[in-house]
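Since the structure comes first, as structure tokens, the remarks are kept for the end.
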Amino acid sequence: MTENCDLTEVYKSLLAAFGPQNWWPAKGPEEMIIGALLTQNTTWENVEKALINLRLDHRLSFSAISTTPLSALQKLIKPSGYFRQKSERLKALADAIIEAGGLNQLKEKTTPDLRTWFLALKGVGPETADSILLYAFKRPSFVIDAYTLRIGKRHQWLPATANYDKAQSYFTNQLQADPAIFNEFHALLVQIGKNFCRPQNPVCKNCPLLNYLVPDQNQFQSHKGSP
DNA sequence: CCCCAGGCGTCCA
DNA sequence: TGGACGCATGGG
């Protein structure tokens, strides 16, 4: 793929302008993984409601989820949507991790093996797998989401036909394989997407990526809560 | 009423 | 291989 954009420069520019986004700060890997599953096609605000319910019920762990009846789990995670699907998949995920010997065993795997292992689980697709690898296991696995794909295509970094794997290769091939950078860059792209790269707009209005203009920071919603 | 949200699995050509 | 569709709550 031709490199018509210096992503390292884009990253530096965004980080200087908006600062660290502090995604999933000081959260344990179990909560990160549970959140990664629940946030599929769902706002983080709704996921937090589900996480609070789980925490108050002392069920924010794989062992607790594994032994929680499906009906009870559905009630707890209801605010995060798709609760019938997600409750089953969350239990299956918890069971599989326990069966594999827990995160301490899984972390012995190489990054490609770990990705393959998670992708084999029902309900874990490429974005969820890469989120788990990056945010819970600190592996340099770049996360592509709807925002990143949309931004990449709008700015013609990517062809209109690019899929997940093509987009991931584009970012990975240009950037230093540093989990901290992948973490921050992904979070910054989501923030840009939310503010400037709306689906209904044919072009990104006032997008700071268009020419590296640094916008007034007041245009951005401050990043409250976690992640 | 509409559209959207940090996707994924299934079905079908 | 890729497009259409269902899944579900909550907000603008």
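Per chain, numbering begins at 1; letters A, B, ... match sequence-line order.
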Rounded distance in Å - CD (Gln40(A)) to P (dG10(C))
18 Å
Could you check whether Lys86(A) gets within reach of a base, just the sugar-phosphate, or nothing at all, counting any heavy atom under 4.0 Å?
nothing
Look at the side chain of Arg89(A) and decide which nucleotide, out of dA8(C), dG9(B), dG2(C), has an atom nearest to it.
dG9(B)
N/O (side chain, Thr39(A)) to phosphate O (OP1/OP2, dA5(B)) under 4.0 Å:
no
How would you label the contact of Glu127(A) with the nucleic acid (heavy atoms, under 4.0 Å): base, sugar-phosphate, or nothing?
sugar-phosphate
Using the C1' atom on both, measure dG6(B) against dG2(C) and round to a whole Å.
23 Å
Please check the phosphate of dG6(B) (OP1 and OP2 only) for any side-chain N or O of Arg150(A) closer than 4.0 Å.
no
Would you classify Val124(A) as touching base, sugar-phosphate or nothing, given that sugar-phosphate means primed atoms plus P, OP1 and OP2, and contacts are heavy atoms under 4.0 Å?
sugar-phosphate
So which of Ile34(A), Ile98(A), Ile33(A), Ile65(A) actually passes side-chain contact (heavy atoms from CB on, under 4.5 Å) with Leu93(A)?
Ile33(A)
Heavy atoms under 4.0 Å, any strand shown: does Leu119(A) hit a base, just sugar-phosphate, or nothing?
nothing
Is it true that Thr148(A) and Asp145(A) share a donor-acceptor pair across their side chains at a distance under 3.5 Å?
yes
Compare side-chain N and O positions of Lys49(A) against OP1 and OP2 of dG11(C) and report whether any pair is under 4.0 Å apart.
yes
Go through dG9(B), dC8(B), dG6(B) for me and flag the one nearest to the Pro126(A) side chain.
dC8(B)
Ring of Trp23(A) versus six-membered ring of dG6(B): centres under 5.5 Å and planes under 30°?
yes
So which one's nearest nucleotide on DNA chain B is more toward 5', Gly123(A) or Ala36(A)?
Ala36(A)
Using whole Å, what does the distance between atom P of nucleotide dG9(B) and atom CG of Leu93(A) come to?
12 Å
Rounding to an integer number of Å, can you tell me how far Tyr82(A) OH sits from dA8(C) P?
8 Å
Does Arg84(A) make a side-chain N or O approach to OP1 or OP2 of dA8(C) shorter than 4.0 Å?
yes
Using atom P of each nucleotide, how far apart are dG10(C) and dC8(B) to the nearest Å?
22 Å
Tell me the interatomic distance from Phe142(A), atom CZ, to dG6(B), atom P, rounded to whole angstroms.
16 Å
Have a look at Ala146(A) and say if it touches a base, only the backbone sugar-phosphate, or nothing, with a 4.0 Å heavy-atom cut-off.
sugar-phosphate
Pair Lys122(A) + Glu88(A): basic N to acidic O under 4.0 Å
no
Just the rounded figure in Å: distance from C1' of dC8(B) to CG of Asn41(A).
9 Å
Between Leu121(A) and Val190(A), whichever has its closest DNA chain B nucleotide further toward 5' is Val190(A)
Is Ile132(A) close to Met32(A) at the side-chain level, that is, under 4.5 Å between some pair of heavy atoms?
no
In whole angstroms, the gap separating C1' of dG2(C) from CG of Leu149(A) amounts to 14 Å
What is the distance, rounded to the nearest whole Å, between atom CD of Gln191(A) and atom P of dA5(B)?
14 Å
Whole angstroms only, please: what is the CD1-P distance between Ile132(A) and dG6(B)?
17 Å
Which of dC8(B), dG6(B), dT10(B) is nearest the side chain of Thr43(A)? It is dG6(B)
Ser66(A) and Asp95(A) side chains, donor-acceptor separation under 3.5 Å:
yes
Could you tell me whether the side chain of Phe182(A) reaches within less than 4.5 Å of the side chain of Phe171(A), counting heavy atoms only?
no
